[in-house]
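Lettering of chains follows the sequences in order, A, B, ..., and the numbering in each one begins at 1. Computed from a predicted structure; not experimentally measured.
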Protein chains: 2
Amino acid sequence: MAEIRLPKARRGRPRQAEVARLAGVSQTTVSLVLSGNKQGIALHPDTRARVLQAARQLGYAPDPAAQRLAAARNDLLGVFSFTATFPTDVAHSYYPILVGVEQEAVARGYDLVLFTGSSSAPARAGRADALDRVRLADGCLFLGRHVPADELRRLVEQGYPAVHIGRRDELDSLAWVGADYAEATAEVVRRLAALGHRHVVLVCETDEALASTDRERGFRGALAQTGLTGEVVRAADPAAEITGEWVRSQLAAGVRAFVAEETDTCAAWRALLTAVEDAGLTAPADLSLALLGAPPADLAHLPEPTGFDVPKAELGAAAVRTLTALLTAGAADCSPLVPCEFRPGRTAGPAPHP
Amino acid sequence: MAEIRLPKARRGRPRQAEVARLAGVSQTTVSLVLSGNKQGIALHPDTRARVLQAARQLGYAPDPAAQRLAAARNDLLGVFSFTATFPTDVAHSYYPILVGVEQEAVARGYDLVLFTGSSSAPARAGRADALDRVRLADGCLFLGRHVPADELRRLVEQGYPAVHIGRRDELDSLAWVGADYAEATAEVVRRLAALGHRHVVLVCETDEALASTDRERGFRGALAQTGLTGEVVRAADPAAEITGEWVRSQLAAGVRAFVAEETDTCAAWRALLTAVEDAGLTAPADLSLALLGAPPADLAHLPEPTGFDVPKAELGAAAVRTLTALLTAGAADCSPLVPCEFRPGRTAGPAPHP
DNA sequence: TCCCCTGACTAATGCGCATTAGTCCGCGGC
DNA sequence: GCCGCGGACTAATGCGCATTAGTCAGGGGA
């Protein structure tokens with residue numbers, strides 16, 4: 001039942017003015033010394049030393065809010081992820097991205113601030129709605145499909161430096177970085193072709209997401225390029241449509257390679273695995289399977305799927321690079337597509353001869 | 001290779017002054033209308049409506065940095081967790097706390113900002129070191145044992161509202177909330193007493209942490225209270241010291257109940273389980289076991305240990321309550337101890353008659 | 001000797017907002 | 001007919017800092 005009391009006559013934190021008084025100089029000089037004197041004004045080393053000493057003695061630390069207001073910068077980068085709560089859970093799929101973000105940000109001298117869309121907060125009039133908080137930082141990374149488009153648009157239109165992680169097309173003038181799903185998918189098809197496959201089927205959920213259409217595009221492109229034949233199956237309910245029987249019929253039609261798309265649920269991949277098992281077949285002996293992405297954690301005990309990995313840390317780092325380019329140069333023209341790495345895995349093999 | 005360019009002639013975000021011009025009022029009036037007019041200055045409804053309309057039309061959103069500077073508040077609460085990069089292993093145990101923090105914060109009209117100790121950033125002179133970033137927020141929660149004590153002390157001494165999650169004694173005048181390990185441990189002992197046990201042994205690692213000494217205190221207190229006899233065994237290397245043979249010797253001495261402390265590794269509990277198995281015994285038939293905390297995830301397949309659960313979400317919520325009390329009243333006297341809940345589990349039972 | 005220049009600083013200003021002291025107008029009271 | 005008063009606002013100020021214009025003393029050069 002201890003009582004903690006804030007000092008009422010707020011001794012408060014020291015400001016530059018106090019440091020200045022102690023060092024016997026002006027507030028301007030303190031600012032000059034402490035903020036690196038970018039305009040190259042001549043300063044005597046002794047003065048500099050006195051100021052630094054005084055600052056240390058008083059435990060001075062700049063107020064980031066004031067810095068942001070005065071200089072329009074405070075070297076903070078925001079990360080906004082629109083999830084229920086902070087994505088600090090290791091199991092969270094955003095986590096590896098954040099690791100890359102942090103490394104790159106630190107390397108470039110920025111600190112990070114995380115925001116989340118705290119969903120339920122009633123938007124009072126005149127109150128910053130969720131997205132506007134990010135203005136505390138010099139620029140912000142946005143993560144996830146559910147970032148409200150209209151608020152984001154306003155932010156961007158008002159000139160706020162923002163970079164979206166994951167391809168985002170609705171808003172031009174919104175910078176983004178994304179994984180190159182099309183090329184990665186094409187590579188998987190080429191590998192299958194190299195293994196002797198002539199017919200490939202891609203199984204997807206019915207999904208309008210760019211990540212999905214990108215894969216389909218890469219798939220079709222690679223078919224054309226390699227001369228394979230193939231087909232895209234979009235199933236509203238993969239578990240119901242992708243059955244053992246379906247697999248058999250495909251085999252009868254000469255298909256020996258199946259590719260599934262990775263999604264949140266991985267429903268297509270799961271359905272495919274189940275169907276193959278139901279059909280009494282095994283990969284890669286009887287047929288080849290590939291997953292366009294990484295398998296979900298709960299399937300970690302199964303043989304590693306052939307497919308590709310999204311370099312999530314690299315994605316985060318690329319986003320930071322783009323954002324800092326925006327901040328320092330006012331523009332960014334680095335390629336927003338990050339290549340994925342092919343994963344040989346153990347579910348695809350040479351096409352069995354008929 | 002798209003080129004994203006920030007508007008150079010920065011059309012920028014609208015400020016209150018622009019809204020004021022459009023609405024034909026003064027900036028003061030805009031501020032009054034939009035920030036809720038807490039000083040109760042009379043305003044004509046029409047004026048109010050015009051201002052709101054203008055604000056909406058321009059897409060006005062307040063600058064949180066300016067708000068913080070002018071009003072010394074922006075209704076943001078910080079959460080600082082000190083880990084090298086985004087928490088990897090600890091993250092898991094913090095996560096439920098964050099959930100509680102977020103719920104309570106939202107309920108009280110605060111938004112959250114998350115900071116992490118990005119350790120490695122070279123501390124430039126005059127640059128805010130990691131902890132000082134939290135000043136962007138009105139107050140901050142600190143999470144974890146590794147928050148640097150000296151920086152935290154400075155923050156607190158300068159009157160910054162801070163609450164530590166987890167007991168923290170070195171700094172008086174630092175508010176904290178923590179789980180009531182002592183009482184929870186005492187309850188476990190009482191339950192064992194009620195089951196007919198007369199002798200209880202507590203197995204710990206050698207640990208100076210408060211969480212550990214609190215448990216020991218609760219244990220000894222409950223022994224005295226119930227009239228049981230007991231002993232505390234602190235093992236530097238539990239796996240080596242807590243053996244099947246050791247268990248047998250304890251049994252020979254009349255002990256039928258063993259209690260282990262929960263730690264990061266849960267070494268004591270693991271050692272105990274192994275030792276009991278080595279001795280060819282089973283709980284709760286031959287003896288009773290209790291764990292002072294929650295079992296680690298990798299032991300989830302075993303029978304649920306008797307013991308107690310730390311209400312992590314509640315802990316987070318309590319921390320937010322304490323912090324907001326600090327913010328609004330300038331002081332907090334709510335009890336910082338959050339009670340734990342007894343978990344019957346399936347490893348403790350009636351003491352076998354000799 | 002006078003002037004200009006350079007080095008080492010400081011005064012003043014403004015960022016966008018909240019707040020504190022007014023200001024001004026209309027109306028009821030005496 | 002003048003005063004006072006409350007309603008509806010606005011002017012001015014300052015938060016803590018960065019930045020832009022100075023200021024001032026001393027040292028050549030002509």
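- A salt bridge does not link B/R68 with A/D63: every distance from a Lys NZ or Arg NE/NH1/NH2 to an Asp or Glu carboxylate oxygen is 4.0 Å or more.
- Distances from the side chain of B/S35 to the nucleotides D/dC17, C/dA18, D/dA8 place C/dA18 closest.
- No salt bridge links B/D46 with B/R48; every basic N to acidic carboxylate O contact stays at or beyond 4.0 Å.
- The side chain of B/A66 lies closest to C/dC17 when the candidates are C/dC17, D/dC17, D/dA18.
- Not one side-chain nitrogen or oxygen of B/T29 sits closer than 4.0 Å to the OP1 or OP2 atom of D/dC9.
- Side-chain N/O atoms of A/Q158 and A/R135 include a donor and acceptor closer than 3.5 Å.
- B/R68 has its CZ atom 15 Å from the C1' atom of D/dC17, to the nearest Å.
- Among D/dT10, D/dC17, C/dT19, the nucleotide with an atom closest to any side-chain atom of B/S31 is C/dT19.
- Remark: P of C/dC9 and CG of A/N37 are 11 Å apart, rounded to the nearest angstrom.
- Among the atoms of the strands shown, only primed sugar atoms or phosphate atoms (P, OP1, OP2) are found under 4.0 Å from some heavy atom of A/L43.
- In this structure, A/D132 atom CG and C/dC17 atom P are separated by 11 Å, rounded to whole Å.
- Residue B/T28 places none of its side-chain N or O atoms closer than 4.0 Å to OP1 or OP2 of C/dT19.
- Between A/H44 atom NE2 and C/dC9 atom C1' the separation is 12 Å, expressed in whole Å.
- Taking only side-chain nitrogens and oxygens, A/Q27 never comes nearer than 4.0 Å to OP1 or OP2 of D/dA18.
- With the nearest nucleotide of DNA chain D identified for both B/L69 and B/G24, B/G24 has the one nearer the 5' end.
- One can place CG of B/L32 at 11 Å from C1' of C/dT20, the figure rounded to the nearest angstrom.
- Without hydrogens or angle criteria, B/S35 side chain to B/S31 main chain gives a donor-acceptor distance under 3.5 Å.
- Residue B/E18 contributes atom CD, which lies 9 Å from atom P of C/dC17 at whole-angstrom precision.
- The residue among B/A71 and B/I41 whose nearest nucleotide of DNA chain C is located toward the 5' end is B/A71.
- Contact annotation: B/R13 side-chain N/O to C/dC17 OP1/OP2 distance is under 4.0 Å.
- Minimum atom distance to the side chain of A/S26 is reached by C/dA11, of the listed D/dC17, D/dA18, C/dA11.
- Toward the 5′ end of DNA chain D lies the nearest nucleotide of B/P45, the other residue of the pair A/V30 and B/P45 mapping further downstream.
- Between A/L323 atom CG and A/E104 atom CD the span is 11.0 Å, to the nearest 0.5 Å.
- Distance CZ (A/R48) to P (C/dC9): 12 Å, rounded to an integer number of Å.
- Rounding to whole angstrom units, CG of residue A/D138 and C1' of C/dC15 are separated by 14 Å.
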